[in-house]
Amino acid sequence: MVTAGGTREPIDPVRFLGNRSSGKMGNALAAACVEAGAEVELITAAPPPPATAGVSVTQVETAAEMQRAVWRALDHADILLMAAAVADYRPRRVAEHKLKKSADELTLELVPTVDILESLRVHPRRTRVLLVGFAAETDDLLANAAEKLRRKGLDLIVLNDVGAPGIGMGADDNAVTVLDRDGVVLTVGRSPKLEVGRRLVALAAARLPAARRADRA
Ligand code: CTP
């Protein structure tokens, strides 16, 4: 299972809170998984990629919708590659009608969304799935990524320096450092996202428990 894109949290019927994620990294991961022989469930909040054999697409909008889709798909997944940029907050109220302009200031009240990866701790198949998270960081990169890996109970975390020019959110290239509980296990220098995806998929596949790999052979 691959998640992609930035979730959108509605403000009113025509406006939303979003982020700069384009879905390109998730789409590249889905393509790399297909190349490696996997069947892919792509859960995306970005426009879907062109139809590809082996990829079944579920379109979602909000963090809550993505959580429901991820929980369902975890029932039959071996690996979760959680590349989506999930909103951390949503407007407390969604206006039923388009908000009208006035001369006054407007304050939006935001409440936290669910943390999808953390919520998986109580999923019945949690221990049978290799969980790979992504860490979008601008400072204290390695320390923040290591802390996220532990807090979210992940097997691997892919660190993305989203402050660096030319890579990461919205760009065609990426450069990543991957950590497990013991530290850095892979670094991939600036490359097209499909190439980064191939390296990540190879690493994740190699870490599937041997028994699961045999099941799927
Ligand atoms: N994630 C998630 N649910 C959320 C927010 C993030 O499952 N509500 C996942 C992302 O898909 C990613 C990982 O958690 O795989 C880390 O996301 P990131 O935005 O880097 O971290 P946050 O937990 O949002 O922490 P912060 O924004 O404070 O860095």
Side-chain angles (χ1 to χ4, degrees), residues 1-10 16-30 33 40-46 58-74 77 79-92 110-123 125-126 129-164 167-171 174-181 185-186 193 196-197 200-201 203-204 207:
M1 179 194 347
V2 178
T3 68
T7 61
R8 296 174 168 197
E9 306 300 325
F16 59 84
L17 287 178
N19 61 65
R20 295 186 194 282
S21 169
S22 59
K24 287 179 189 168
M25 191 63 236
N27 293 349
L29 283 164
C33 287
V40 181
E41 182 129 13
L42 175 66
I43 297 168
T44 184
T58 302
Q59 189 78 45
V60 296
E61 184 169 284
T62 63
E65 284 172 23
M66 184 168 279
Q67 185 198 26
R68 282 192 289 277
V70 167
W71 266 70
R72 264 199 307 274
L74 213 74
I79 300 177
L80 167 58
L81 300 168
M82 188 79 192
V86 184
D88 291 329
Y89 293 91
R90 64 176 170 81
R92 180 186 290 281
L110 304 181
V111 294
T113 56
V114 63
D115 190 299
I116 300 174
L117 284 175
E118 276 195 58
S119 80
L120 295 179
R121 282 183 185 282
V122 293
H123 191 289
R125 285 195 71 246
R126 159 71 189 88
V129 182
L130 190 92
L131 292 187
V132 183
F134 283 67
E137 306 291 350
T138 55
D139 348 73
D140 292 333
L141 311 181
L142 285 171
N144 278 331
E147 186 276 325
K148 257 176 214 177
L149 173 103
R150 278 188 291 276
R151 174 160 45 93
K152 299 187 189 233
L154 305 175
D155 297 293
L156 292 169
I157 193 148
V158 180
L159 166 62
N160 231 333
D161 179 354
V162 286
I167 59 165
M169 279 196 183
N174 208 353
V176 299
T177 303
V178 187
L179 292 83
D180 71 5
R181 268 156 243 226
V185 293
L186 175 70
K193 284 183 171 173
V196 176
L200 296 177
V201 168
L203 174 67
R207 292 201 168 210

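Counting starts at 1 for both ligands and their atoms, in listed order.
By the 4.5 Å heavy-atom criterion applied to side chains, L17 and L110 are counted as neighbours.
Protein residues having a heavy atom under 4.0 Å from any atom of ligand 1 are M82, A84, V86, A87, D88, T113, V114, D115, I116, L117, G133, F134, A135, A136, K148, K152, listed by chain and number.
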> Can I43 and Q59 be said to form a side chain to side chain contact (heavy atoms under 4.5 Å, CB included), step by step?
Replying inline: CA-CA 6 Å; I43 297 168; Q59 189 78 45; over 6 Å; no
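Of the possible donor and acceptor atoms, none in the side chain of N160 sits under 3.5 Å from a partner among the backbone N and O of V162. Judged purely by atom type and a 3.5 angstrom limit, E137 has no side-chain atom pairing as donor or acceptor with the backbone of L142.
Residue R151 places its CZ atom among more than 12 non-hydrogen atoms of other residues, nucleotides or ligands, all under 6.0 Å distant.
Counting only N and O atoms by type, the side chains of Q67 and S119 include a donor and acceptor under 3.5 Å apart.
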